[in-house]
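Everything below concerns the one structure shown next.
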There are 2 protein chains.
Amino acid sequence: MTEVAGRIEIYGQCEIVMANTTSLPTLQDVAAAAGVSTATVSRVINFPAQVAPATRAKVEATIAQLGYSPHFGARVMAARRTNTVGAIIPTMENAVFARGLQAFQDELSAHGYTMLVASTGYSAANEAEQVKALVARGADALLLIGHKRDQAIYDFLAAQGIPTIITWAFDPSSGRPSVGFDNAAAMRDMARQVIDMGHRQLALISAETASNDRAMERYLGIQAAMQDKGLPEENLLFIETSYGIEEGAIAFKQAMSASNPPSAVFCGNDVLAVGALRQARDSGIHVPDDVSIIGFDDIELAQVAYPPLTTVHVPHREMGRLAAAALIGWLKDGTPPNTVELLAYPVMRSTLAPKD
Amino acid sequence: MTEVAGRIEIYGQCEIVMANTTSLPTLQDVAAAAGVSTATVSRVINFPAQVAPATRAKVEATIAQLGYSPHFGARVMAARRTNTVGAIIPTMENAVFARGLQAFQDELSAHGYTMLVASTGYSAANEAEQVKALVARGADALLLIGHKRDQAIYDFLAAQGIPTIITWAFDPSSGRPSVGFDNAAAMRDMARQVIDMGHRQLALISAETASNDRAMERYLGIQAAMQDKGLPEENLLFIETSYGIEEGAIAFKQAMSASNPPSAVFCGNDVLAVGALRQARDSGIHVPDDVSIIGFDDIELAQVAYPPLTTVHVPHREMGRLAAAALIGWLKDGTPPNTVELLAYPVMRSTLAPKD
DNA sequence: TTGTAAGCGTTATCAC
DNA sequence: GTGATAACGCTTACAA
């Protein structure tokens, strides 16, 4: 593997001629040029049906001729909404969020909304800041990941009257509108199948659970399954690490060098699982003959990993799309949407096999 | 592989109490409560240093007590800028864009800007629409991918006075500020090495070149290398397909069933390459002994593919970060930034081997 | 169907 | 340092 340091070359100054930014045409200009009132021009833009065809045609021609486009700030100020919706996610580098976000944006866009994005890097403090930033930037509504955050944030959003939807989690007891899935139940279902296959010594390589309720729920799901099946808690080796392929690899190595190594290694997400898979290959450990590896999320990576990864399928796109639809409805009706539970379910590929 | 249809359950109406949205406190309210003028409150918010400490403390206390936060639209209207920057990309589902976008947003966020995102789904018509949408939503500046688009779009942006930076491409002759890399040169460098290894019969599985100048450039890069090395054009089998693992697999199958099958298959991106790799495995074709496969982008997938994929490394994050920095500087100084070329270079892993 | 005119909540320019 | 006050460009009753 050959890698050279990125070289940067600077080229000469570009010559871009920007418009005379002092004088974009205004509604008034259009009205004057078309010989109508500003109200009529405004109507042509917002409620064309209310304007006589002849007048409308005249105004539209003037708009085109002058290259007029409405001033955003003035519009927001007068109409008291931005048609902009914010999304705050841990990071777009995680494919699950990128995928969900794309679907969220597609749906918003189809309904005339624009999406503002902020990311937290999985930091709770950061999230609080980003919530304020997006609200200050005029987000009419917000999408958040998971339920767990300071109550002050919820209070702030309620005080500002910002409709907010929770995704990636499901907890009807919270009383907050959400579109998500039950992380604990999904992982529990998978763990039951694994235990039924004869696995008794288990490990979980988890994302950090401190500020990530989804990771915690998945952990609890495995514990629940173990309890159901009568396995003692000690039979689960719990390893917490940060997000990344390398991190998954290191944690896997650690798990396998335990005094009582697991025959099945659960991973909190597919990226960690793929890291574990690579480490197994590098260590000459055969998957699934020597050890089973189980992921979570079912991203593209899972299908093309070798062997293809057994994982829990999460309907990321559907979640993003429905979250957008819910917010759009909320903004329109003024009434909070119902909470929606989506199903996440095991997908059996080739990294899980019965124990002996 | 077991998959069940996603089940959706609807739960009871959530009871969210939204604030009396008719009465958020305004600057005036704060001024009245603190016993100062609106101008002073505005200064406390925007230029705290200009206000006497005692006054400032009093005003800040009032702001906190009333839970005041500035109205976005009014602010935009008066200040004539939104501190919002738009990014228009093909899709976030492509990891290269997700990665670049994350870096772009991080840098923006660190400087007090917020990011608006729109996506085109690789459609030129869509892009024109999104440009207008983001400008209408008050984007102060824009990031675009690649140079190729209707001149009308550039004219519109110039007329509106919207600083715009081009990324993912490098063409100093365009005269437009950009932060990118030379797609043709990067692919040419890789192709030269491949040809030097003795490969004579080549194939390229390319993304669609019609509305994607990066894909076209990569194609031209291979052609240039072939010409340098004296290989006739006919020795390159060109297959164009859309983005996706499955698409790569299908195209690979097609390439290998040609009357004169290639010994090296270039792919326009890593996702296509991973699809090709999977198809090779499924067909019992050994990589790189039977055929070499070369990707482009160096996303995570490339490292964990089996065998690890030889590809062209693209500094996506650096590109996003520098693009943000360039726009921020442009907005601040009012002068367009210099064009920056980043280096994309071959990364030799395990899917490329000398021909016999 | 169209026009008039009153805000909308800031920022910024003046005086003081 | 601080206070009046005039924009800023649009939407939306209400009137005609």
Side-chain angles (χ1 to χ4, degrees), chain A residues 20-60 62-63 66-84 112 135-138 140 160-161, chain B residues 20-60 62-63 66-84 112 135-138 140 160-161:
Chain A
N20 214 340
T21 161
T22 52
S23 61
L24 288 178
T26 70
L27 233 210
Q28 294 237 28
D29 297 334
V30 175
V36 299
S37 72
T38 58
T40 298
V41 180
S42 177
R43 282 188 207 105
V44 168
I45 293 167
N46 299 299
F47 311 99
Q50 290 182 22
V51 181
T55 318
R56 194 198 313 163
K58 187 172 55 179
V59 172
E60 278 166 347
T62 313
I63 288 177
L66 264 51
Y68 167 79
S69 75
H71 180 97
F72 176 69
R75 205 165 199 198
V76 169
M77 177 131 187
R80 329 191 61 67
R81 63 192 145 60
T82 59
N83 285 331
T84 296
V135 171
R137 286 299 148 59
D140 284 340
Q160 298 285 321
Chain B
N20 212 340
T21 164
T22 53
S23 62
L24 287 178
T26 70
L27 236 208
Q28 295 237 28
D29 296 334
V30 175
V36 297
S37 73
T38 59
T40 297
V41 180
S42 177
R43 281 189 208 104
V44 168
I45 293 167
N46 298 299
F47 313 97
Q50 290 180 22
V51 182
T55 318
R56 195 199 312 163
K58 188 173 55 180
V59 172
E60 278 167 348
T62 313
I63 288 177
L66 265 52
Y68 166 79
S69 76
H71 180 97
F72 176 69
R75 208 166 196 195
V76 169
M77 173 128 196
R80 327 190 60 64
R81 64 195 143 58
T82 59
N83 286 330
T84 296
V135 170
R137 285 313 187 288
D140 285 340
Q160 298 285 320

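In the text below, chain A, chain B and the rest are named by the order of the sequence lines, each starting its count at 1. The figures that follow rest on heavy atoms only: side chains count, while hydrogens, waters and symmetry mates do not.
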Study note, to complete from the structure: When rounded to whole Å, the CG to P distance for the pair A/Leu24 and D/dG9 reads 9 Å
Practice item. For side chain to side chain contact (heavy atoms under 4.5 Å, CB included), just list the numbers for A/Thr55 and A/Thr40, CA-CA rounded to whole Å, side-chain angles, deciding distance to a tenth of an Å, and then say yes or no. Key: CA-CA 9 Å; A/Thr55 318; A/Thr40 298; 3.9 Å; yes
Exercise for review: Measure across B/Arg75 and B/Asn46 and return the closest heavy-atom pair with its distance rounded to 0.1 Å.
Suggested key: NH2-OD1, 3.0 Å
Check your understanding: If you take all heavy atoms of A/Arg137 and B/Gly112, which pair is closest and at what distance?
Key -> NH2-O, 3.0 Å
Exercise for review: Under the side chain to side chain contact (heavy atoms under 4.5 Å, CB included) rule, what do B/Asn83 and B/Arg81 come out as? Steps first, then yes or no, please.
Suggested key: CA-CA 6 Å; B/Asn83 286 330; B/Arg81 64 195 143 58; 3.8 Å; yes
Review point. Within the structure, does a side-chain N or O atom of A/Ser42 lie under 4.0 Å from either OP1 or OP2 of D/dT11?
Key: yes
Could you go over nucleotides 14-16 of chain D and give all protein N or O partners under 3.5 Å, atom names and distances?
none

Check your understanding: Just how far, in rounded Å, is P of D/dT5 from CD of B/Gln28?
Key -> 12 Å
Point to revise | Sugar-phosphate, base or nothing in reach of B/Thr55, heavy atoms under 4.0 Å | key: sugar-phosphate
Review point. Starting at CE of B/Met77 and ending at P of D/dT11, how long is that distance when rounded to a whole Å?
Key: 10 Å
Check your understanding: Could you give the CZ-to-P distance, from A/Arg81 to D/dC10, as a whole number of Å?
Key -> 15 Å
Review point. Looking only at heavy atoms, what is the nearest atom pair of A/Ala33 and A/Thr62, with distance?
Key: CB-CG2, 3.5 Å
**Study point:** Outermost nucleotides of DNA chain C that come under 4.0 Å of a non-hydrogen atom of chain A
**Key:** C/dT1 to C/dG9
Check your understanding: B/Gly35 or B/Ala78: which one's nearest nucleotide on DNA chain D is closer to the 5' end?
Key -> B/Gly35
Check your understanding: Distance-only, no hydrogens or angles: does the A/Thr82 side chain make a donor-acceptor pair with backbone N or O of A/Gly138 under 3.5 Å?
Key -> yes
Check your understanding: Separation of A/Leu27 atom CG from D/dT12 atom P, in whole Å?
Key -> 12 Å
Practice item. Write down the distance between CD (B/Gln160) and P (D/dG9), rounded to a whole number of angstrom. Key: 13 Å
Practice item. Carefully, step by step, assess A/Val44 and A/Gln50 under the rule side chain to side chain contact (heavy atoms under 4.5 Å, CB included). Key: CA-CA 8 Å; A/Val44 168; A/Gln50 290 182 22; over 6 Å; no
Check your understanding: If only side-chain N and O atoms of B/Thr40 are considered, is one of them under 4.0 Å from the OP1 or OP2 phosphate oxygen of D/dG3?
Key -> yes
Point to revise | Sugar-phosphate, base or nothing in reach of A/Val36, heavy atoms under 4.0 Å | key: sugar-phosphate
Practice item. Applying side chain to side chain contact (heavy atoms under 4.5 Å, CB included), run through A/Val76 and B/His71 and close with a yes or a no. Key: CA-CA 10 Å; A/Val76 169; B/His71 180 97; 4.2 Å; yes
Practice item. Identify, residue by residue, the members of residues 44-52 of chain A with a heavy atom below 4.0 Å from DNA chain C, and return them in order of residue number, or none. Key: A/Val51, A/Ala52
Exercise for review: Kindly say if A/Thr26 contacts the phosphate of D/dG9, meaning a side-chain N or O under 4.0 Å from OP1 or OP2.
Suggested key: no
Check your understanding: Of all heavy-atom pairs between A/Leu27 and A/Tyr68, which one has the smallest distance, and what is that distance?
Key -> N-CE1, 3.4 Å
Review point. Distance-only, no hydrogens or angles: does the B/Asp29 side chain make a donor-acceptor pair with backbone N or O of B/Thr26 under 3.5 Å?
Key: yes
Practice item. Select base, sugar-phosphate, or nothing to describe what B/Tyr68 touches, counting heavy atoms under 4.0 Å on all strands. Key: sugar-phosphate
Point to revise | Contact summary for B/Gln160 and B/Val135, nearest pair of heavy atoms | key: OE1-CG1, 4.1 Å
Practice item. For residues B/Val36 and B/Val59, determine if any side-chain heavy atom of one lies less than 4.5 Å from a side-chain heavy atom of the other. Key: yes
